[in-house]
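As the structure is a prediction and not an experimental result, all values here were calculated from the model. Hydrogens, waters and symmetry mates play no part in the numbers below; they use all other heavy atoms, side chains included. Read the numbers this way: they start at 1 and go in the same order the structure lists the ligands and their atoms.
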Amino acid sequence: MHHFNYRNGVLHCEGVSLEAVARELGTPAYVYSDATLRRHYRVLADAFADRNVLIAYAVKANSNLGVIATLAAEGAGADVVSGGEMLKAMAAGVPANRIVFSGVGKSEAEIRLGLEHGIFQFNVESMPELHRLSRIAQEMGKRAPIAFRVNPHVEAGGHTHISTGTPETKFGIAWHEADAFYDEASRLPNIDPIGVAVHIGSQILRIDPMRAAWEKVVSLARRLRDRGFNIQRVDFGGGLGVPYKDGEDPDSPTIYARQAREVLGNLDVQLVLEPGRLIAGNAGVLISRVEYIKERDGRIFVILDAGMNDLLRPALYAAHHEVLPLRTPAMGAERRAVDIVGPICESTDRFAKDRPMPPLKEGDLVAFMTAGAYGATLSSQYNSRPLVAEALVRGDACVVVRRRPTFDEMIALERAPDWITSG
Ligand SMILES: *Cc1c(COP(=O)(O)O)cnc(C)c1O
């Protein structure tokens, strides 16, 4: 369910014509829908209305300040994986005591930042991290509320690159060593082991593997309680998928919520969820202009002004995005198989191969659908292209929530060494 629809033959985001956005902002640009973001958050929040739940939006899916602020206004917490995300979440209005800090490589400075602000929870992923956290907390005279992220040895996720719950991945502590980790945590100064966490992957369409992982986590929580630990929280992670193609039909948030309730049973804990893609995925599109149509060796290349630096998912995960023309094609217009590519000097700068598309010509505009998650956050300035602009729409209003840097701004961050300039 999203708010991108054709009106009078032009693709709109809510009440705003995407052609108008392209004119105002230039292309490429991401456009997000406020109503869609809020709706996805509410569906999940409503499903747990009668439970003590913290929905910690996974900021890495879309870390635009405007997007985080929209969700914070709905009451969302944040799941962050860096000090930068933590600061952004707080700048966007997420209270520190609703921030979960995940990730395998938390630096000293990042740990200090979390302790200084009194975040909700550190999701700890290794013994050395636990020891570092204890030492720093002691130095600062703070207590660190922690959950261990367990690796439940369950396979899931839309692509091997986004599966995180198996022994070969770097994530979490070994499932069978969990008790020993909690014992160590209870011995260390300034550590409060108060939760158990898991996150097994992303773009999960069928949630049965989540059930297996959650059941392990819940049984661990029960066992730890029996052993005298004060376990108050269970964190089921994120990972629920969204449809990228027609016919792709992921399990719904309602089914997901039902399963979570079933697995929790009567365990009186606060439930923590870390949805990212589910909330931001189809709340955003990337709009782009056709630069050239190039025909060669029997192939048709539609060369866009968006590249893999703006939308990396196809190159990184062989991901599929629907590409729609901003104008509805003429009735009966014949589709032709084309390769949709960007301007970047890499062969992987290809968004689609042999994709049947209605007629496109130089100057036409297209939209990559379902680009709200892992789109702008993965963008770069590769080929010295300015970071892609982002806009947020609410009803008939559209605001630029990240402007494109100027070339002067980009160049100002760098310098030639003195030994050249003074020579
Ligand atoms: C990436 C991530 C999430 C969010 O995953 P989605 O598939 O976007 O829901 C949640 N928790 C952790 C620890 C993550 O790394």
Taking only heavy atoms of [X], which atoms of ligand 1 are found under 4.0 Å from at least one of them?
X      : value
Arg149 : 13 (C)
Ser102 : 13 (C)
Arg277 : 6 (P), 8 (O), 9 (O)
Gly238 : 9 (O), 10 (C)

Considering only the protein, which heavy-atom contact is closest to [atom], and what is its distance?
atom                    : result
atom 1 (C) of ligand 1  : Lys60 NZ, 1.3 Å
atom 7 (O) of ligand 1  : Ser202 OG, 2.3 Å
atom 10 (C) of ligand 1 : Glu274 O, 3.2 Å
atom 8 (O) of ligand 1  : Tyr374 OH, 2.6 Å

ask   = At under 4.0 Å between heavy atoms, which part of Leu278 makes contact with ligand 1: side chain, backbone, both or neither?
value =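 Within the 4.0 Å criterion, Leu278 makes no contact with ligand 1.
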request  = Could you check whether the rings of Phe181 and Phe148 sit parallel, tilted or perpendicular, using 30° and 60° as the cut-offs?
outcome  =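 Ring orientation, 0 to 90° scale: perpendicular.
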message = So for ligand 1, is Gly239 a polar contact partner (N or O within less than 3.5 Å, distance only)?
response =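 Yes; the residue has a nitrogen or oxygen that sits under 3.5 Å from a nitrogen or oxygen of the ligand.
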query = N/O of Gly276 under 3.5 Å from N/O of ligand 1, yes or no?
reply =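 Yes, there is a polar N/O contact under 3.5 Å.
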Short N-O contact, Arg187 and Asp183, less than 4.0 angstrom =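 Salt bridge: no.
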salt_bridge(Lys353, Asp339) N-O dist < 4.0 Å =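 A salt bridge is absent here (no side-chain N lies under 4.0 Å from a carboxylate O).
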inquiry  = When you compare the side chain of Ile200 with that of Met210, does any pair of heavy atoms fall below 4.5 Å?
reply    =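 Touching, per the 4.5 Å side-chain cut-off.
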query = Do the non-hydrogen side-chain atoms of Cys345 and Asn383 ever get within less than 4.5 Å of each other?
reply =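 A side-chain contact exists here, since the closest heavy-atom pair is under 4.5 Å.
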ask   = Within 45° of the axis and under 6.0 Å from the centre of the six-membered ring of Tyr182, does NZ or CZ of Arg223 qualify?
value =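 Negative - Arg223 is either too far from the ring of Tyr182 or too far off its axis.
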Residue from Glu409, Glu390, Glu24 passing salt bridge (charged side-chain N to carboxylate O under 4.0 Å, His left out) with Arg403 =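 Among the candidates, only Glu409 passes.
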message = With side chain to side chain contact (heavy atoms under 4.5 Å, CB included) as the test, pick out the partner of Pro343 among Met308, Glu291, Arg385.
response =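 For Pro343, the side chain to side chain contact (heavy atoms under 4.5 Å, CB included) check succeeds only for Arg385.
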task = May I ask whether Gly237 places a heavy atom under 4.0 Å from ligand 1?
result =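 No; Gly237 lies far enough from ligand 1 that no heavy-atom distance drops under 4.0 Å.
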